[in-house]
Participant: 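This is the structure I want to talk about, given as structure tokens.
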Amino acid sequence: MDAATVPALHDAVLRWYDDHARELPWRGTAASPWSVMVSELMLQQTPVARVLPVHAAWLERWPTPAALAEESTGEAVRMWGRLGYPRRALRLHAAAVAIVARHDGEVPTSYDDLLALPGVGDYTASAIASFAFGQRHVVLDTNVRRVLARTVSGVEFPATAVTRAERDVATSVLPDDEATAATWAVATMELGALVCTARQPSCDACPVADLCAWRGAGFPAYDGPPRRGQAWAGTDRQCRGRIMALARETASSIGAAQVEAAWPQAEQRERCLAGLEADGLLTQVTPGRWALPG
DNA sequence: GACACGTGGGC
DNA sequence: TGCCCAAGTGT
């Protein structure tokens, strides 16, 4: 995409966002930085629809980092419910503790300080700095990567991992103005989430269809390396999930017989129990009994 | 850089 | 009906 086209891309996407943005509780001027941060951790690899109720309950119970920091990690894991990847709940709790210890209880505003928090990587640090504090950052999530791959690079999907070239493209189309850049970040994400979707993009409803490189090239099929799915049946992940579901549903502690009923295969069951303990998701309260960490 | 890490909805 | 995918991070 030549540089002369970039302003048209900005105008079309920003105008579209102005008309089509979803009203989400972590968006808008009323949302606190903490609300934004909680949403970002929850949204990692997790659809918006499933995050909404948990985010609301979480903010009601722990409206500040300090409130969460005073709570046990086990309560955080229980509150996390069925969002998946429960280690994120531990990381969010640890981040709250760090925010109290290092930042006087306020979500830090700089990318570097955010990046230093548990559970916050490049994407999340950029997203919080951009969405909560209006800063200018390249925010490269799966939606933005797909939108840029198609509109600018002319391919259906981006590479497996973020490449230098890809980051250069994202930087080259980032608006210069700080506030505009922040809106651009959320707008391109929204476009990827609602229109330029992975499986069936709605090109008819796309504001940048007429300047999309992928469309202009006739929608060439993806020719990169196979994108392997995640194994599930019979894996440790499934076993861990079963055990954690049991622990969440049980007010006190779970016993060996319950765990065995949930996962009969002994060797794998023991390995997963040990792994969950090592991760801090479970503690052994007495021999043969486990509970969420108190 | 590859892999582990949960869960459930949509096509 | 399975397979693919969803605002990634840590090791």
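Naming: A, B, ... by sequence-line order, numbering from 1 per chain.
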Participant: If only side-chain N and O atoms of A:Thr124 are considered, is one of them under 4.0 Å from the OP1 or OP2 phosphate oxygen of C:dT9?
Facilitator: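 A:Thr124 to C:dT9 OP1/OP2: side-chain N or O found under 4.0 Å.
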Participant: Indicate, with a heavy-atom threshold strictly under 4.0 Å, whether A:Arg22 touches base, sugar-phosphate, or nothing.
Facilitator: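 Base contact.
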Participant: Give me the distance, rounded to whole Å, that separates B:dG6 from C:dA6 when you measure between the C1' atoms they each carry.
Facilitator: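 To the nearest whole Å, 12 Å.
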Participant: Look at the side chain of A:Arg91 and decide which nucleotide, out of C:dA7, C:dT9, C:dC5, has an atom nearest to it.
Facilitator: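 So the side chain of A:Arg91 is nearest to C:dT9.
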Participant: Between A:Leu115 and A:Leu24, which residue's closest nucleotide on DNA chain C lies nearer the 5′ terminus?
Facilitator: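 Its nucleotide being nearer the 5' end, the pick is A:Leu24.
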Participant: Base, sugar-phosphate alone, or nothing: which one does A:Asp279 contact when heavy atoms must sit under 4.0 Å apart?
Facilitator: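 Counting heavy atoms under 4.0 Å across all strands, no contact is made by A:Asp279.
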Participant: Base, sugar-phosphate alone, or nothing: which one does A:Ala198 contact when heavy atoms must sit under 4.0 Å apart?
Facilitator: sugar-phosphate
Participant: Judged by atom type as modelled, is there a donor-acceptor pair below 3.5 Å linking the side chain of A:His20 to the main-chain atoms of A:Trp16?
Facilitator: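 Yes; at least one donor-acceptor contact below 3.5 Å.
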Participant: CG of A:Leu90 versus C1' of B:dC5: gap in Å, rounded?
Facilitator: 12 Å
Participant: Roughly how many Å is it from CG in A:Leu191 to C1' in C:dA7, rounded to a whole number?
Facilitator: 14 Å
Participant: With nearest nucleotide decided by heavy atoms, which residue, A:Gly121 or A:Pro47, maps closer to the 5′ end of DNA chain C?
Facilitator: A:Pro47
Participant: Give a yes or no on whether a salt bridge exists between A:Asp19 and A:Arg15, defined as a side-chain N under 4.0 angstrom from a carboxylate O.
Facilitator: no
Participant: Rounded to whole angstrom units, what separation is found between the CH2 atom of A:Trp232 and the C1' atom of B:dC3?
Facilitator: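 Those two atoms, CH2 and C1', are 16 Å apart.
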Participant: Rounded to the Å, how far apart are A:Arg237 CZ and C:dT9 C1'?
Facilitator: 13 Å
Participant: Look at all strands and tell whether A:Trp26 reaches a base, only sugar-phosphate, or nothing, counting heavy atoms closer than 4.0 Å.
Facilitator: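 Here A:Trp26 touches the bases of the nucleic acid.
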Participant: Classify the side chain of A:Arg199 and the base of B:dC11 as holding, or not holding, a donor-acceptor pair under 3.5 Å.
Facilitator: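 It does not, because no donor-acceptor pair links the side chain of A:Arg199 to the base of B:dC11 below 3.5 Å.
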Participant: So for A:Thr142 and C:dG8, does any side-chain atom that can act as donor or acceptor lie under 3.5 Å from a complementary atom in the base?
Facilitator: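 No pair found.
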Participant: Considering only atom P, compute the distance from B:dA4 to C:dA7 and round it to an integer number of Å.
Facilitator: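 Rounded to whole Å, the distance is 23 Å.
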Participant: If I take atom CG from residue A:Leu114 and atom CD from residue A:Gln135, how far apart are they, to the nearest 0.5 angstrom?
Facilitator: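 One finds 8.0 Å between CG of A:Leu114 and CD of A:Gln135.
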Participant: Do any side-chain nitrogens or oxygens of A:Arg88 fall under 4.0 Å of OP1 or OP2 in C:dA7?
Facilitator: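 Checking A:Arg88 against C:dA7: no side-chain N or O falls below 4.0 Å of OP1 or OP2.
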Participant: What is the distance, rounded to the nearest whole Å, between atom CG of A:Asp236 and atom C1' of B:dT7?
Facilitator: 17 Å
Participant: Categorize A:Val139 for me: base, sugar-phosphate, or nothing, with a 4.0 angstrom heavy-atom threshold over every strand shown.
Facilitator: nothing
Participant: Nearest 0.5 Å, what's the OG1-CG distance between A:Thr64 and A:Leu59?
Facilitator: 10.0 Å
Participant: Assign each of A:Thr160 and A:Gln230 to its nearest nucleotide of DNA chain B by heavy atoms, then name whichever residue's nucleotide is nearer the 5' end.
Facilitator: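 Comparing both residues, the 5'-ward one is A:Thr160.
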Participant: Rounded to whole angstroms, how far apart are CG on A:Asp122 and C1' on C:dT9?
Facilitator: 11 Å
Participant: How close do A:Ala4 and A:Pro7 get, counting heavy atoms only, and between which atoms?
Facilitator: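 Taking A:Ala4 first and A:Pro7 second, the nearest heavy atoms are O-CD, 3.4 Å.
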Participant: Regarding A:Leu41, tell me which of base, sugar-phosphate or nothing describes its non-hydrogen contacts under 4.0 Å with the strands shown.
Facilitator: nothing
Participant: C:dA6 phosphate, OP1 or OP2: any side-chain N/O from A:Gln45 under 4.0 angstrom?
Facilitator: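 Checking C:dA6 against A:Gln45, no side-chain N or O comes under 4.0 Å of OP1 or OP2.
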Participant: Please report the shortest heavy-atom distance between A:Met42 and A:Arg88, naming the atom on each side.
Facilitator: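 Where A:Met42 meets A:Arg88 most closely, the heavy atoms are O-NH1, 2.9 Å.
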Participant: Write down the distance between OH (A:Tyr123) and P (C:dA6), rounded to a whole number of angstrom.
Facilitator: 13 Å
Participant: Specify the closest pair of heavy atoms between A:Pro175 and A:Ala181, including all atoms of both residues, with the distance to one decimal.
Facilitator: O-CB, 3.5 Å
Participant: Does A:Arg27 reach a base, just sugar-phosphate, or nothing at all? Heavy atoms under 4.0 Å.
Facilitator: base
Participant: Does a nitrogen or oxygen in the side chain of A:Arg82 sit under 4.0 Å from OP1 or OP2 of B:dG8?
Facilitator: yes
Participant: Looking only at side-chain N and O atoms, does A:Arg227 come under 4.0 Å of OP1 or OP2 in C:dC5?
Facilitator: yes
Participant: Find which nucleotide of DNA chain B each of A:Val162 and A:Arg50 is nearest to by heavy atoms, and output the residue with the more 5' nucleotide.
Facilitator: A:Val162
Participant: If the cut-off is 4.0 Å, is A:Arg87 near the phosphate of C:dT9, judged by side-chain N/O to OP1 or OP2?
Facilitator: no
Participant: Atom CG of A:Leu92 and atom P of C:dT9: how far apart are they, to the nearest Å?
Facilitator: 13 Å
